[in-house]
Structure formats: C-alpha cells, structure tokens
Amino acid sequence: RYIMSKISILGANSYIARNYIYYLNKEHKDSEIKLYGHSDKQIDAYKNYIKIDFSNINELNKIDWNTDYIYIFIGKTGTLNGFIEYENFLDINEKYLLHILNKYMEKKSKAKIIFLSTRLVYKESKKPLTEDMPKDFKTIYAINKFACENYLKMYNNLYNIPYVILRLCVPYGSYKSGKLSYGLMGFFINKAKSKQDITIFGDGNQKRTLTSMDYLVKVLWEVANNKKIINDVFNIGGETFSLKEVAEKVAKKYAVNLNFIDWPQEALAIETGDTVFNSNKLDKLLGLNYCYRIEDYLKTLD
C-alpha cells in the first residue's frame, strides 16, 4: 500500500540496518530516508548519510528529529568480550540511547522509536517464550539490552515518548542479493564454503528461532506503520531448529563434516540453552504469514 514516511536510521552501517535501507529503497521509494552512523561513510555508498559521534550529545543536533520514525540500530554486540570492554558496552549500548532520548525531548520530536532487542534477555525455558516470561542475564550485552528496554518504558511513562521494542532471536540471510549471513548462520556458511568442517560445542541440541532477513525487513516496516503496535515489546517469529540441525543442513550443502567437541568452561557458563520464540502477540497484529525456509535460502547460495 502507498505510505509516504520520513525515516531516520541511527546506526546505518549495521547488518540489519543495511538490509532494511536496501528494502526501503526498493519497496518504499517515496519514503524520505536519512542515515546516521559513527563511520566516515555509509558502507553501501548511500548519499543521504551523516557522520555522528553519539558519545557527544551536541552532535545529535545533526539528526532530523522532525520525522515519523526513528530506528535505533546502534549497538555493540558480543558475549565474553563484554566483560573486558565493559566501558564500551555501557557507553554504546546504554549511554548513547539515553543521549538520543534526551535530545528527542529537547527537540520536541514526535517520532515513533523502533528498537531491536535480543533473545538473550530470557531465562532458559523448554516452553516457547512469550514476552512476559522470566528474564536472566549471563552477559553484559544481555543486561545492556534489557536496560535499554526499560529506559524506553521509563521515558514513555514520564515523557510520553512512543516506542516499539522488537526481540529478535537469530536472524539470517540477506534481503540484498549477494550478501551472506551474519552471526550464527554466517559462521556456519563461511566455514563450510572454505571447505572447513563445522564444529559445535556439546551435542548441539539447544534450539533457536531463526528469522529470515526477507521477513525481518517487512516486520520493521509494518510495526512502524501499524498504529496498534505501540509502547510494547514483541517477539519476532521464524522457524525453530536445533543448532545441530542447522549445521547439518549447511554441512550437507557444502560437503563438509560436522564435529562435536566439549564445551569450553567460559562458553558453557554463558550458554543460554533453548531459546524458542512464541510470536503470537505480534503475528496477530501484523497479519503476516511466516513463509520462509532455511532450505530455500541455502539453495540461493553458491
């Protein structure tokens, strides 16, 4: 449907942001898109990009706050490295958001904020996870994200800043053709394509919900433009597999072996176990059917 929107994307060089920008330029050409990031240039050479030092709140004056939607893709990811680089994790993942929220108020913006959170906020469960299920934090990154979720709720409660929080389990693939996956799937594929065997810690039976980038970019658009989706947190749906099942599919395609090794002590200490999303809450509001298969994605790869 025809919707003209003004969109500001913060963190325009991230994996998900780059795919979303490509999607917007292809499917929603009438939207006015402005891009911001800490690097000198936007990786894909988009011209509507401004470099910003998010650690300096005055730099945020460069952002166009007179916009419909603000997507926040800024973040420093990682597990064990968060315990070493804790200052960077606190600054980039929490302080930058607080800078953004305070500048938002100063500029009297009316934009709806869309913020991506993570599966890592949840406590392990054998049942599919709904948004209100128990939380647990095994890494600095996980508690950073949950803190940010709560900052958004606090600022909404006090200053009526509208927001949507989207919890994502494991994204894979690319809306932009020719680009491989990032994270878990990217690790498996890059290993296998270079004819290296895939190695998994333990038995690989822990389950994850995997979300195709083709679906994720549509969700990012729809949640912004759906007036019923506001001031709440939602799980994003997908397909559920064990890590072993995903690795087997990749290994079979590239004719490499799958090896299992004992858990390193530190990795086992922060392992989250099963993380399977129940996305009914968002699915009912969006009316989108998840129709993407990992097998189909793998067929598109060389």
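Only this structure's heavy atoms are used, side chains among them; waters, hydrogens and symmetry mates stay out.
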Is [X] atom [atom1] crowded by more than 12 heavy atoms from other residues, nucleotides or ligands, each under 6.0 Å away?
X	atom1	answer
Tyr159	OH	no
Lys110	NZ	no
Asn56	CG	yes
Asp262	CG	no
Tyr86	OH	no
Tyr182	OH	no
Lys112	NZ	yes
Lys218	NZ	no

Consider only side-chain N and O atoms of [X] and [Y], and report whether a donor and an acceptor are under 3.5 Å apart.
X	Y	value
Asn66	Lys107	no
Lys145	Asn93	no
Asn19	Ser174	yes

If you round to the nearest 0.5 Å, how far is [atom2] of [Y] from [atom1] of [X]?
X	Y	atom1	atom2	value
Lys51	Lys41	NZ	NZ	11.5 Å
Asn259	Ile261	CG	CD1	8.5 Å
Phe201	Leu243	CZ	CG	11.5 Å
Lys34	Ile9	NZ	CD1	13.0 Å
Ile143	Thr139	CD1	OG1	9.0 Å
Glu32	Asn48	CD	CG	9.0 Å

Audit row: Phe234, Ile165, side-chain contact (heavy atoms from CB on, under 4.5 Å) steps and yes/no: CA-CA 6 Å; Phe234 302 91; Ile165 296 164; over 6 Å; no

Determine whether [X] and [Y] make a side-chain contact, defined as any pair of heavy atoms from C-beta on separated by less than 4.5 Å.
X	Y	value
Leu166	Leu168	no
Leu152	Leu101	yes
Lys207	Phe241	no
Asn144	Leu90	yes
Asn102	Leu60	no
His99	Phe54	no
Ile21	Asp44	no
Met185	Val170	no

Measure across [X] and [Y] and return the closest heavy-atom pair with its distance rounded to 0.1 Å.
X	Y	answer
Leu35	Ile33	CD2-CG2, 3.6 Å
Cys169	Phe277	N-CE2, 3.5 Å
Thr67	Lys6	OG1-O, 2.7 Å
Ile161	Met105	CD1-CG, 3.8 Å
Tyr15	Gly173	OH-O, 2.6 Å
Ile200	Ala247	CD1-CB, 3.5 Å

Lys126/Asp274 under salt bridge (Lys or Arg N to Asp or Glu O under 4.0 Å): CA gap, chis, key distance, verdict: CA-CA 6 Å; Lys126 292 299 179 185; Asp274 289 348; 3.2 Å; yes

Donor-acceptor under 3.5 Å ([X] side chain, [Y] main chain):
X	Y	answer
Ser125	Lys127	yes
Asn289	Cys291	no
Glu94	Ala147	no
Asn190	Gly186	yes
Asn235	Leu129	yes
Thr209	Val276	no
Asp68	Ser5	no
Glu248	Leu258	no

Are [X] and [Y] connected in the hydrophobic side-chain network, where two residues link if heavy atoms are under 4.5 Å apart?
X	Y	answer
Tyr292	Leu288	yes
Val217	Tyr69	yes
Ile70	Ile7	no

Parallel, tilted or perpendicular: rings of Tyr71 and Phe73 (30°, 60°):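 The arrangement is parallel - the two ring planes meet at less than 30°.
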
Ring geometry between Phe146 and Phe137 (parallel below 30°, tilted from 30 to 60°, perpendicular above 60°):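 Plane angle between 30° and 60°, so tilted.
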
Applying ring-ring contact (aromatic ring centres under 6.0 Å, His included), can you list everything that pairs with [X], at least two apart in sequence or on another chain?
X	result
Tyr172	Tyr297
Tyr254	none
Tyr141	none

Single hit among Gln206, Arg119, Lys123, Glu124 for side-chain hydrogen bond (donor to acceptor under 3.5 Å, both in side chains) with Thr272: Arg119

Criterion ring pair (Phe, Tyr, Trp, His ring centres under 6.0 Å) on Tyr290 and Tyr215, from CA distance to verdict: CA-CA 7 Å; Tyr290 192 89; Tyr215 181 73; 4.8 Å; yes

Verdict with reasoning, Tyr175 to Lys26, per side-chain contact (heavy atoms from CB on, under 4.5 Å): CA-CA 10 Å; Tyr175 191 81; Lys26 183 179 179 183; 3.9 Å; yes

Test: Arg208 and Glu271 ion pair at under 4.0 Å: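 Looking at Arg208 and Glu271, the cut-off is met.
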
Sidechain N-carboxylate O distance under 4.0 Å for Arg167, Glu149: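 Salt bridge between Arg167 and Glu149, a charged N being under 4.0 Å from a carboxylate O: yes.
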
Criterion salt bridge (Lys or Arg N to Asp or Glu O under 4.0 Å) on Lys249 and Glu295, from CA distance to verdict: CA-CA 8 Å; Lys249 293 177 190 298; Glu295 287 87 353; 2.6 Å; yes

Evaluation steps, side-chain contact (heavy atoms from CB on, under 4.5 Å), between Val223 and Leu285: CA-CA 9 Å; Val223 297; Leu285 288 168; over 6 Å; no

